[in-house]
S.K.: 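Structure provided below as structure tokens; questions to follow.
Order of the sequence lines fixes the chain letters, A, B, ..., with proteins taken first and strands second; residue numbering starts at 1 for each chain. Only this structure's heavy atoms are used, side chains among them; waters, hydrogens and symmetry mates stay out.
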Amino acid sequence: MTETLAIQTPHVGHASEPSAASGSAPQHSVVFDVRDLVVHYGAFTAVREVDLKIHPNEITAFIGPSGCGKSTVLRCFNRMNDTIKGARVEGTVNYRGVDLYGANVSATQVRKHVGMVFQKPNPVPKSIYENVAYGPRLAGLRNKGELDAIVEASLRGAALWDDVKDRLKSSALGLSGGQQQRLCIGRALAVQPDVILMDEPCSALDPIATARIEDLMQELKAKNTIIIVTHSMQQAARVSDRTAFFTTEVNEANDRRTGVLVEYDRTDRMFANPSDARTEAYVTGRFG
Amino acid sequence: MTLTINDLKSKKQYADKSFSVIVLLGGTTILVILAVIAYTITNRSTDAFRIAGFKFFTGQKFVPNGTPPALGILKYIFGTALTSLIAIVLAVPISLGLALYTTQVAPQWLKKPLVALTDLVAVVPSVVFGLWGIIYLAPKITTLYKHISDLCDGVPVLGSIFGKVGSGRSFMTAGLILAVMITPIITSIAREVIETCPQTDRDGALALGATRWEMITGAVMPHSIGGIVGAIMLGLGRAMGETIAVALVIGSSAAITSNLFSSGDSLPAVIALQWGEANATAKSALIAMGLTLFVMTLVVNFAATAIVTRSTKRMQGAA
Amino acid sequence: MTSVMDQTSSPAPVPSNELLEDLVGVSGRRRTKNAVMTGLMFASVAIIAIVLGFVLVTVISKGWGIVHTKFPHWFTDDIPPTARRVGPGMKAAIVGTIVTTLTATVIAVPLGIAGAVYLNEYGKRNVFARLLRFLTGVMAGVPSIVMGLFIYVFWVLPRHQEGLTGLAGAFALACLMLPIVVRATEEMLKLVPQNLRDASYALGATRSRTTLTVVIPKASAGIISGCLLAVARASGETAPLIFTVSVGASAVHKTNWNVFSGPNTALSLQIYANAKETLASAQDRGWGAALTLIALAFLFTLVARVMSARLSKKTQ
Ligand SMILES: Nc1ncnc2c1ncn2[C@@H]1O[C@H](COP(=O)(O)OP(=O)(O)O)[C@@H](O)[C@H]1O
Ligand SMILES: [Mg+2]
């Protein structure tokens with residue numbers, strides 16, 4: 001609540017090199033290394049030729065006009081596209097040295113490492129506690145004490161503990177939209193993920209709730225890598241360390257639009273001094 | 001041509017008014033019919049209730065032409081409850097399996113044929129299931145019953161549930177046929193409820209690393225459970241009221257027993273089967289049985305509605 | 001476009017063994033459970049398909065003989081007066097089913113549509129409409145045999161033997177159809193967009209005129225489809241007819257086109273009566289009647305499905 005005004009003050013980009021990966025984790029300069037990524041939905045090519053590297057303990061923002069494939073690319077990082085019938089992924093997505101689409105890799109295990117928060121808060125119609133405990137339970141955790149500890153830690157991590165500690169057993173659907181979204185973040189944290197994907201996590205929220213989520217993201221950065229899709233350039237400028245700008249190109253042959261990655265750079269440079277004319281048009285066009 | 005505007009207006013208004021009265025009457029028929037059903041059936045039942053008193057529900061002997069007549073229907077209530085219970089136990093997993101397979105697993109092209117399959121089962125008249133059950137199924141299934149009975153012989157609880165096998169016309173056969181008959185109702189309602197579970201809820205579970213089955217239990221079920229329980233209750237109501245198929249395959253010898261392979265009788269079956277030879281007292285008793293059945297299904301259906309409403313409210317976050 | 005890949009290659013990072021192992025698979029138990037449950041879901045589809053297949057194949061194979069030998073006598077001869085006599089003749093029951101169902105439709109459909117129009121166009125969310133909607137649910141749950149008892153007590157009994165007519169059976173069937181018609185029609189009326197009504201009002205049409213010339217025509221395909229499903233259901237009912245159209249299920253053998261007087265019979269009653277017989281001659285007629293009844297019910301359902309499929313195409 002105290003940070004209400006944060007929304008007005010653009011986040012000043014980190015001038016120095018982003019901090020290195022935290023202690024014990026294997027030291028890789030990149031979390032995701034994406035090469036020549038192409039995604040088709042049936043015969044339709046939604047996005048093509050995406051090359052980018054996601055760096056640890058940074059917030060990377062995906063921006064661009066609607067339909068340019070931001071969500072589609074994001075869903076490649078935890079293989080959520082596997083759940084869509086007809087979706088096909090080409091190219092490679094390397095996660096800390098492992099080819100995510102390699103023969104032996106299990107999509108369900110990938111999602112333990114790469115959590116996701118969606119546009120619409122989507123807690124299940126159960127208690128707050130049950131929502132957070134769901135992931136650890138899947139992993140086979142039954143011990144009540146350990147579960148309690150994880151639930152508390154996750155809810156604290158999601159800055160929701162103080163709001164709900166007295167009503168853990170009441171329905172998650174009784175929470176406000178912003179609280180529900182933080183609950184979904186907490187639910188993702190409970191499986192101790194490495195990366196958190198966020199697909200327009202604030203688009204259904206009011207400015208105050210948005211500001212709280214943005215603050216939370218800055219806190220999470222210490223331990224996690226975050227990729228956020230946002231339709232708001234202001235938000236990208238405020239929260240992210242790097243920004244990827246996507247747009248659509250019309251394919252004359254069939255008059256369908258295919259998404260392409262136009263530019264990917266440090267956020268401050270991207271907004272102050274974009275190298276591609278299309279980025280500049282998009283960035284300045286909105287800011288006026 | 002010679003009408004004035006005012007004439008037209010008043011005519012129009014008159015027509016409009018009478019139309020609204022007509023549709024109101026159309027709606028009111030439902031209320032009137034239900035009221036008349038309740039009144040006439042209750043009225044005709046009083047003789048039986050006067051003769052038997054509360055023993056009507058607790059008595060085990062039903063000899064309406066005896067002196068004095070014995071009008072106890074407990075065995076029939078038991079038969080109705082037991083056959084419906086068997087039907088529910090068998091139909092619920094199959095209906096849920098069907099609904100979940102259709103909505104969560106089947107490829108797009110298979111969905112419509114699967115829906116058509118369940119609808120086809122619903123179209124087969126109950127008397128046809130009865131005919132099939134009595135002439136075809138009952139004689140054949142006794143072999144299976146005997147196997148089960150032999151297997152369970154001597155086993156403490158199972159031995160008394162799967163006991164001596166008679167003609168094949170039994171609680172179990174009636175329950176089997178009922179299960180097939182109520183599967184389409186439960187399936188179609190469950191399917192509709194499950195389909196309203198938003199993709200985002202399912203994605204939420206999958207994104208936490210759930211397998212498809214874990215997604216179903218973790219996201220789809222919590223969302224749909226109220227509606228599914230409602231669907232089951234409606235199926236139960238239908239099973240309790242089903243007459244002809246049960247009358248044909250239950251064996252028509254009233255008994256209270258834990259042996260599912262024994263012959264029995266149920267309320268609607270007795271009404272149908274004994275109507276022809278019934279004297280005045282017996283008719284009153286049979287009508288009173290109809291009233292009992294009516295009230296039983298009413299209670300079940302009320303409970304179904306209440307559960308569905310409550311869960312819809314809970315879904316909206318009121319609780 | 002894949003040629004670019006080689007140029008951009010950088011030294012591939014080596015994954016930690018732990019990570020590799022962890023990403024490889026869900027625990028065997030969880031994967032097995034998923035596979036088993038999926039298998040069980042498929043098994044329930046298989047079970048229902050097999051049971052339906054069994055019933056249909058039995059009915060067709062056992063019923064076809066009597067229906068097509070000496071064709072078209074199955075459809076033109078009255079039912080043999082004794083169970084022992086071999087051979088076809090089901091005209092009385094076919095006619096009985098058609099006339100009682102038709103009469104029930106004539107009673108239930110206008111009432112049901114009127115009721116639904118009241119609920120959706122007039123009453124909407126007022127207390128009385130909500131009460132009626134609730135009672136429609138109650139009425140839909142009344143066991144069919146109770147409807148039969150009700151018509152017996154209310155209509156047949158005061159008229160003694162004269163009360164046993166096709167009309168009495170039709171009353172009982174109409175009581176079963178009414179809530180189905182009301183619900184189906186209301187669902188269809190709900191789908192009619194409000195702006196169509198507004199457009200009609202804007203032209204100065206009254207509410208009744210708007211309902212009759214705009215709303216109902218727009219929903220007509222769906223309404224007809226819903227009514228046909230109700231007819232299909234009613235045509236197969238047995239219990240409501242036992243007490244209302246004749247004394248005993250096998251009493252009538254002669255065709256009676258007149259619903260208003262004289263006892264009648266129906267395919268469902270003939271199936272019921274013959275199912276209780278042990279004679280092959282009678283059982284054969286039971287199977288034949290079952291085949292005829294299923295064909296009739298499927299026909300109604302098919303027409304209803306085709307209509308609603310048309311409707312959904314048109315509105316797309
Ligand atoms: N499940 C799907 N099936 C078919 N096409 C899809 C699907 N999801 C997205 N698309 C198409 O892929 C393109 C990119 O979509 P998306 O990634 O959602 O864009 P963004 O998130 O940038 O708005 C769009 O043209 C969209 O219509
Ligand atoms: Mg998107």
S.K.: For B:Lys112, does the NZ atom have more than 12 heavy-atom neighbours from other residues, nucleotides or ligands under 6.0 Å away?
M.R.: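 Count not over threshold, so no.
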
S.K.: Identify which part of B:Leu34 has an atom lying under 4.5 Å from any heavy atom of chain C, answering side chain, backbone, both or neither.
M.R.: side chain

S.K.: I'd like to know whether CZ of B:Arg169 has more than 12 heavy-atom contacts from other residues, nucleotides or ligands below 6.0 angstrom.
M.R.: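 It does not: B:Arg169 CZ has 12 such atoms or fewer within range.
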
S.K.: Rounded to the nearest 0.5 Å, what separates atom CD1 in B:Ile244 from atom OG in C:Ser268?
M.R.: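 Separation between the atoms: 8.0 Å.
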
S.K.: Name the residue from C:Thr210, C:Thr206, C:Thr211 that meets the side chain to side chain donor-acceptor pair (under 3.5 Å) definition with C:Ser208.
M.R.: C:Thr206

S.K.: Can you tell which part of B:Thr40 gets under 4.5 Å to a heavy atom of chain C, answering side chain, backbone, both or neither?
M.R.: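 Answer is both: backbone and side chain atoms of B:Thr40 are under 4.5 Å from chain C.
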
S.K.: Is chain C contacted by the side chain of B:Ile271, its backbone, both, or neither, given a heavy-atom distance below 4.5 Å?
M.R.: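 Contact with chain C involves both backbone and side-chain atoms of B:Ile271.
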
S.K.: By a 4.5 Å heavy-atom criterion (distance strictly below it), what part of B:Ala91 contacts chain C: side chain, backbone, both, or neither?
M.R.: neither

S.K.: Return the option, out of C:Trp287, C:Phe154, C:Phe298, with the maximum number of heavy-atom pairs under 4.5 Å with chain B.
M.R.: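 Sorted descending by pairs with chain B, the first entry is C:Trp287.
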
S.K.: Return yes if a side-chain donor-acceptor contact under 3.5 Å exists between C:Gln270 and C:Ser250, otherwise no.
M.R.: no

S.K.: Most heavy-atom pairs under 4.5 angstrom with chain B, which of C:Thr38, C:Ile47, C:Val36, C:Val51?
M.R.: C:Thr38

S.K.: Quick check on C:Tyr201: does its OH atom have over 12 non-hydrogen neighbours (other residues, nucleotides or ligands) under 6.0 Å away?
M.R.: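 Above 12, so yes.
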
S.K.: Could you tell me which portion of B:Ile41 (side chain, backbone, both or neither) has an atom closer than 4.5 angstrom to a non-hydrogen atom of chain C?
M.R.: side chain

S.K.: Identify which part of C:Val45 has an atom lying under 4.5 Å from any heavy atom of chain B, answering side chain, backbone, both or neither.
M.R.: both

S.K.: Side chain, backbone, both or neither: which part of C:Ile151 has a heavy atom under 4.5 Å from chain B?
M.R.: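 When you check distances to chain B, no heavy atom of C:Ile151 falls under 4.5 Å.
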
S.K.: Side chain, backbone, both or neither: which part of B:Leu286 has an atom under 4.5 Å from a heavy atom of chain C?
M.R.: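 Looking at B:Leu286, just its backbone touches chain C.
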
S.K.: On the six-membered ring of C:Tyr122, is C:Lys124 placed so that its NZ or CZ lies under 6.0 angstrom from the centre and within 45° of the ring axis?
M.R.: no

S.K.: Using heavy-atom distances under 4.5 Å, tell me whether B:Ile134 contacts chain C through its side chain, its backbone, both, or neither.
M.R.: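 For B:Ile134, the side chain is the part near chain C, not the backbone.
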
S.K.: Run the ring-centre check on C:Trp155 versus C:Phe150 and record whether the distance is less than 6.0 Å.
M.R.: no

S.K.: Chain B heavy atoms under 4.5 Å from C:Ala232: which part of the residue, side chain, backbone, both or neither?
M.R.: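 For C:Ala232, neither part sits under 4.5 Å from chain B.
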
S.K.: Identify which of C:Leu119, C:Ile294, C:Leu269 forms the greatest number of heavy-atom pairs closer than 4.5 Å to chain B.
M.R.: C:Ile294

S.K.: Where on C:Leu229 is there a heavy atom nearer than 4.5 Å to chain B: the side chain, the backbone, both, or neither?
M.R.: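 It is neither, since no heavy atom gets under 4.5 Å.
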
S.K.: With only heavy atoms counted, which part of B:Leu248 is less than 4.5 Å from chain C, the side chain, the backbone, both or neither?
M.R.: side chain

S.K.: Taking the six-membered ring of B:Tyr136 (Phe, Tyr or Trp), confirm whether the NZ or CZ of B:Lys140 is under 6.0 Å from its centre and within 45° of its axis.
M.R.: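 Yes, B:Lys140 lies over the aromatic ring of B:Tyr136.
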
S.K.: Under 4.5 Å heavy-atom distance to chain B, tell me which part of C:Leu212 shows up: side chain, backbone, both or neither.
M.R.: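 The answer is the side chain of C:Leu212.
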
S.K.: Check each atom of B:Thr243 against the heavy atoms of chain C and say whether the ones under 4.5 Å are side chain, backbone, both or neither.
M.R.: side chain

S.K.: With a 4.5 Å cut-off on heavy-atom pairs, point out which of C:Phe42, C:Phe134, C:Phe243, C:Phe300 contacts chain B the most.
M.R.: C:Phe243

S.K.: Measure C:Thr136 against the heavy atoms of chain B and call it side chain, backbone, both or neither at under 4.5 Å.
M.R.: both

S.K.: Measure B:Leu24 against the heavy atoms of chain C and call it side chain, backbone, both or neither at under 4.5 Å.
M.R.: both

S.K.: At a heavy-atom separation under 4.5 Å, does B:Trp132 approach chain C through its side chain, its backbone, both, or neither?
M.R.: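 Both parts, backbone and side chain.
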
S.K.: Between C:Arg183 and C:Glu187, is there a salt bridge with N-O shorter than 4.0 Å?
M.R.: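 No, no charged N to carboxylate O under 4.0 Å.
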
S.K.: Counting only heavy atoms closer than 4.5 Å, note whether B:Arg44 contacts chain C via side chain, backbone, both or neither.
M.R.: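 Just its side chain gets close to chain C.
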
S.K.: Among C:Thr301, C:Leu40, C:Ile48, who wins on heavy-atom pairs under 4.5 Å with chain B?
M.R.: C:Ile48

S.K.: With a 4.5 angstrom heavy-atom cut-off, which part of B:Val36 approaches chain C: side chain, backbone, both or neither?
M.R.: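 Both backbone and side chain of B:Val36 come within 4.5 Å of chain C.
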
S.K.: If I measure from the heavy atoms of chain C, does B:Tyr39 come under 4.5 Å with its side chain, its backbone, both, or neither?
M.R.: neither

